[in-house]
**Student:** 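Quick one: the structure is below, questions incoming.
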Amino acid sequence: MTVAPFDFIIIGGGTAGCVLANRLSADGRHRVLLLEAGPRDRSPWIHLPIGYGKTMFHKTLNWGFFTEPEPTMNDRRIYWPRGRTLGGSSSINGLIYVRGQAEDYDQWAAVGNAGWSWKDVLPYFIRSEHNTKGAGPAHGADGPLWCSDIEHRHELIEAIIAGAGELGIRHTTDFNTGDQEGVGYYQLFTRKGWRCSTAVAYLRPAWSRRNLRVETGAQSTGLILEGRRAVGVRYRQNGRMRETRATTEVILAAGALQSPQLLMLSGIGPEAELARHGIAVTHALPGVGANLQDHLQIRLMYRVAKPITTNDDLRTLFGKARIGLRWLLTRSGPLAVGINQGGLFTRVMPGPGTPDVQFHFATLSADMAGGAPHPWSGCTFSVCQLRPESRGTVTLRSADPFAAPVMRANYLATEADRRCTVEGIKFARRLAATSPLRTLLTEVKPGREIEGDEALLDFARGTGATIFHPSGTCKMGSDPMAVTDARLRVHGIGGLRVVDCSIMPTLVSGNTSAPVVMIAEKASDMILADARAGASSIVATDPVATERSRHAALAPEGSPA
Ligand SMILES: Cc1cc2nc3c(=O)[nH]c(=O)nc-3n(C[C@H](O)[C@H](O)[C@H](O)COP(=O)(O)OP(=O)(O)OC[C@H]3O[C@@H](n4cnc5c(N)ncnc54)[C@H](O)[C@@H]3O)c2cc1C
């Protein structure tokens, strides 16, 4: 069945997709189709911040992927949740609002991505946000995405802030100015006690526009290509295959795991990988699915000497009723803030430089992130290295578009990553030993018997897990492994962009939701500008072909090109 054409088709109604749907349909001039594989975001567990624990393992709202057995992590398969509903992962994430460091973006620009320095991207962060701090040089108050301060002070987080002070870490009230060093409370993507996903912030206000059509339960199976140009999309909805055409552009926003999968299924990717699955090569692009980066979190767990933790709130019916009532009356308390309230960014490796680890402090403990709380007063210090060197891959399991992609994270593959991770764990122990914390906390995991760098590394390999930031699998750039150019147009293919977490050349130093919103805000300006100029049909430079012809030109006569 063929559906009438649109100007823009967006594949993936997730974090980036909802931003794009709003911005591209705003002027009423373009017909926009948003395709989302999952259902509408009607579940109350999405909207109540504490629902994080429920959506973490939800059968329909979460893709529930697993990595392959990871040789560097004791051959464990690591659980990788991903949102599968309108709002995508912004509908199920931990709500933490962090942009990263100014240097992250300056680095993107320094490797050849013009227009992506901190100075260039800051206006898009500002444009996106409705920050309860109010407008200022680093913040906006008129954007759709609510970013709220945590208003109540928690005794445990206060003790952590005081303890970090003893270690010389300054207290900060804002991690999002470009300089994130310090300890304090996170800001959250919440609006008056409710989750503010991009579906809530961006899609709802655009929902009734006549030029925007949103299809849910619509899983794309691949792109329709005419020669080297994307002209439409195939998708399955209600058990039926459908096709629809795009007169201007197709925009892939299916996330860091499924955008590269869809490119490969459509014949765009590494030749050997496509051949392995019998897929005809339309355009050889070796970087598709390469450069996978993620943040590994190591969770240290403590018993807390006072019954002040979220475990205590959730243990009894009375406790649940109390926090439920508090949320109903004041929209505050544990139900309104999710799991992680406090954060800390510092440098643990020798030498100068910006923070290299991030801490998430949860007033709750559980065997795994999002798992059932322990039946005792507990809390968690989660530590992650911010700029890992290790790189993984996303490849195909088969040519079946409904099969999950194959993910290999390859965590802790380099000595620098191992050292930084171990130093991060040691820093957590120094923090827990400061005077405000030493009588309050007793270490449960790793446990005091685990001593020495090797034993701590073993602990990391045996228990470490994702903090849910896979990125970089369709990186922008101009080297032979780049998939898009700096305007996010797929190299060598016309009418096709990628706009999501996969375009990051290097993972930002922090959580990835706000950076994805920024990427989509900036992309929407580029897409509309190119449409006005009639430039979106231009086939972006093919770095592979360019590199090949450069080598051919440089090669001595008679040598193989
Ligand atoms: C459990 C969890 C906790 C996290 N916590 C935080 C946090 O606290 N703070 C933070 O900043 N970041 C957090 N993150 C990370 C952050 O949410 C993601 O990096 C970001 O949302 C990714 O955005 P995206 O647009 O790239 O992908 P997504 O938001 O995942 O969107 C991709 C969308 O595409 C859809 N899709 C996929 N394939 C197809 C197809 N074939 N056809 C149609 N649709 C398709 C998906 O269903 C999904 O809706 C967390 C992530 C998770 C999963």
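Every number for a ligand or one of its atoms is a count from 1 in the order of the listing.
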**Student:** Do any heavy atoms of V98 fall under 4.0 Å from ligand 1?
**Tutor:** no

**Student:** Tell me: protein heavy atom nearest atom 42 (N) of ligand 1, and distance?
**Tutor:**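 For atom 42 (N) of ligand 1, the nearest protein heavy atom comes out as S220 N, 2.9 Å.
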
**Student:** Distance to 0.1 Å, residue and atom name: give those for the protein heavy atom nearest to atom 27 (O) of ligand 1.
**Tutor:** G255 CA, 3.7 Å

**Student:** By number and element, which atoms of ligand 1 are closer than 4.0 Å to a non-hydrogen atom of T512?
**Tutor:**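 Checking each atom against T512, I get 10 (C), 11 (O), 12 (N), 15 (C), 16 (C), 18 (C), 19 (O).
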
**Student:** Purely on distance, is any nitrogen or oxygen of R82 under 3.5 Å from one on ligand 1?
**Tutor:** no

**Student:** Please determine if A37 has a nitrogen or oxygen closer than 3.5 Å to a nitrogen or oxygen of ligand 1.
**Tutor:**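 There is such a contact, yes.
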
**Student:** Which atoms of ligand 1 sit under 4.0 Å from any heavy atom of L262?
**Tutor:**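 Here the atoms of ligand 1 in question are 41 (N).
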
**Student:** Ignoring hydrogens and angles, state whether a donor on the side chain of R195 or N93 is under 3.5 Å from an acceptor on the partner side chain.
**Tutor:**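 Yes, because at least one side-chain N or O of R195 sits under 3.5 Å from a partner of the opposite role on N93.
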
**Student:** If you draw a 6.0 Å radius around NZ in K54, do more than 12 non-hydrogen atoms from other residues or ligands fall strictly inside?
**Tutor:**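 No, the 6.0 Å shell around NZ holds no more than 12 heavy atoms from other groups.
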
**Student:** Among all protein heavy atoms, pick out the one at the shortest distance from atom 9 (N) of ligand 1; state its residue, atom name and that distance to 0.1 Å.
**Tutor:**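 Result for atom 9 (N) of ligand 1: I96 O, 2.9 Å.
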
**Student:** Near G83, which atoms of ligand 1 are under 4.0 Å from a heavy atom of that residue?
**Tutor:** 46 (C), 47 (O), 48 (C), 49 (O)

**Student:** Ignoring angles and geometry beyond distance, decide whether N93 reaches within less than 3.5 Å of ligand 1 through its nitrogen or oxygen atoms.
**Tutor:** yes

**Student:** Are any of the heavy atoms in Y235 under 4.0 Å away from ligand 1?
**Tutor:**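 Per 4.0 Å heavy-atom rule, Y235 does not contact ligand 1.
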
**Student:** Are the aromatic ring centres of F345 and F175 under 6.0 angstrom apart?
**Tutor:** yes

**Student:** If the threshold is 4.0 Å, N to carboxylate O, is there a salt bridge linking D174 and K133?
**Tutor:**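 Judged by the 4.0 Å cut-off on N to carboxylate O distance, D174 and K133 do not form a salt bridge.
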
**Student:** Against the six-membered ring of W108, is K475 placed for a cation-pi contact (under 6.0 Å from the centre, within 45° of the normal)?
**Tutor:**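 The answer is no; the distance or angle limit is not met.
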
**Student:** Taking the six-membered ring for Trp and the single ring otherwise, decide whether the centroids of F57 and Y79 are under 6.0 Å apart.
**Tutor:** yes

**Student:** Show the atoms of ligand 1 that are less than 4.0 angstrom away from any heavy atom in L95.
**Tutor:** 7 (C), 8 (O)

**Student:** Are the ring centres of F8 and F6 closer than 6.0 Å?
**Tutor:** no

**Student:** Compute the centroid of each ring, for W327 and then for W194, and state whether the two points are separated by less than 6.0 Å.
**Tutor:** yes

**Student:** Quick check: closest heavy atoms across V499 and A16, and the distance to 0.1 Å?
**Tutor:** O-CB, 3.2 Å

**Student:** Below 3.5 Å, N or O to N or O, backbone or side chain included: is there any such pair between C501 and ligand 1?
**Tutor:**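 For ligand 1, there is an N or O atom that lies under 3.5 Å from one belonging to C501.
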
**Student:** Under a 4.0 angstrom heavy-atom cut-off, which atoms of ligand 1 come close to G94?
**Tutor:**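 Under 4.0 Å from G94, ligand 1 has these atoms: 3 (C), 4 (C), 5 (N), 6 (C), 7 (C), 8 (O).
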
**Student:** Suppose we measure from atom 11 (O) of ligand 1 to each protein heavy atom; which comes out shortest, and what is that distance?
**Tutor:** S513 N, 2.8 Å

**Student:** Check if T55 has a non-hydrogen atom at a distance under 4.0 Å from any atom of ligand 1.
**Tutor:** no

**Student:** Starting from atom 53 (C) of ligand 1, what is the nearest protein heavy atom, named by residue and atom, and what distance separates them?
**Tutor:** P81 O, 3.3 Å

**Student:** Using a 4.5 Å cut-off on heavy atoms from C-beta on, say whether the side chain of T221 contacts that of M241.
**Tutor:** yes

**Student:** I'd like to check which ligand 1 atoms, numbered from 1 as shown, lie under 4.0 Å from a non-hydrogen atom of A218.
**Tutor:**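 Those atoms are 42 (N), 43 (C).
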
**Student:** Is there a donor-acceptor contact under 3.5 Å linking the side chains of S502 and D500?
**Tutor:**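 Checked: S502/D500 side chains pair up, N/O donor to acceptor below 3.5 Å.
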
**Student:** If the cut-off is 4.0 Å to any non-hydrogen atom of A253, which atoms of ligand 1 fall inside it?
**Tutor:** 32 (C), 33 (C), 34 (O)

**Student:** Decide whether a cation-pi geometry holds between R236 and F402; the criteria are a distance under 6.0 Å from NZ or CZ to the six-membered ring centre and an angle within 45° of the ring axis.
**Tutor:**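 R236 over F402 ring: yes.
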
**Student:** Quick one: which of I10, T15, D294 has a heavy atom closest to atom 21 (O) of ligand 1?
**Tutor:** T15

**Student:** With heavy atoms of N511 as the reference, note each atom of ligand 1 found under 4.0 Å away.
**Tutor:**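 Every atom of ligand 1 under 4.0 Å from some heavy atom of N511: 9 (N), 10 (C), 11 (O), 12 (N).
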
**Student:** Pairs of nitrogen or oxygen atoms closer than 3.5 Å, one from E36 and one from ligand 1: do any exist?
**Tutor:**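 By distance alone, the answer is yes.
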
**Student:** Tell me if the centroids of the rings in F381 and H360 come within less than 6.0 Å of each other.
**Tutor:**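 Centroid distance F381-H360: not below 6.0 Å, so no.
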
**Student:** Give the contacting part of Q258 toward ligand 1: side chain, backbone, both or neither, where contact means a heavy-atom distance below 4.0 Å.
**Tutor:**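 Contact part for Q258 vs ligand 1: side chain (C-beta onward).
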
**Student:** Please determine whether any non-hydrogen atom of G510 lies less than 4.0 Å from an atom of ligand 1.
**Tutor:**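 No, G510 has no heavy atoms under 4.0 Å from ligand 1.
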
**Student:** Under 3.5 Å, N or O to N or O, is A16 touching ligand 1 that way?
**Tutor:**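 By distance alone, the answer is yes.
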
**Student:** T354 pairs by side-chain hydrogen bond (donor to acceptor under 3.5 Å, both in side chains) with which of R387, E181, Q180?
**Tutor:** R387

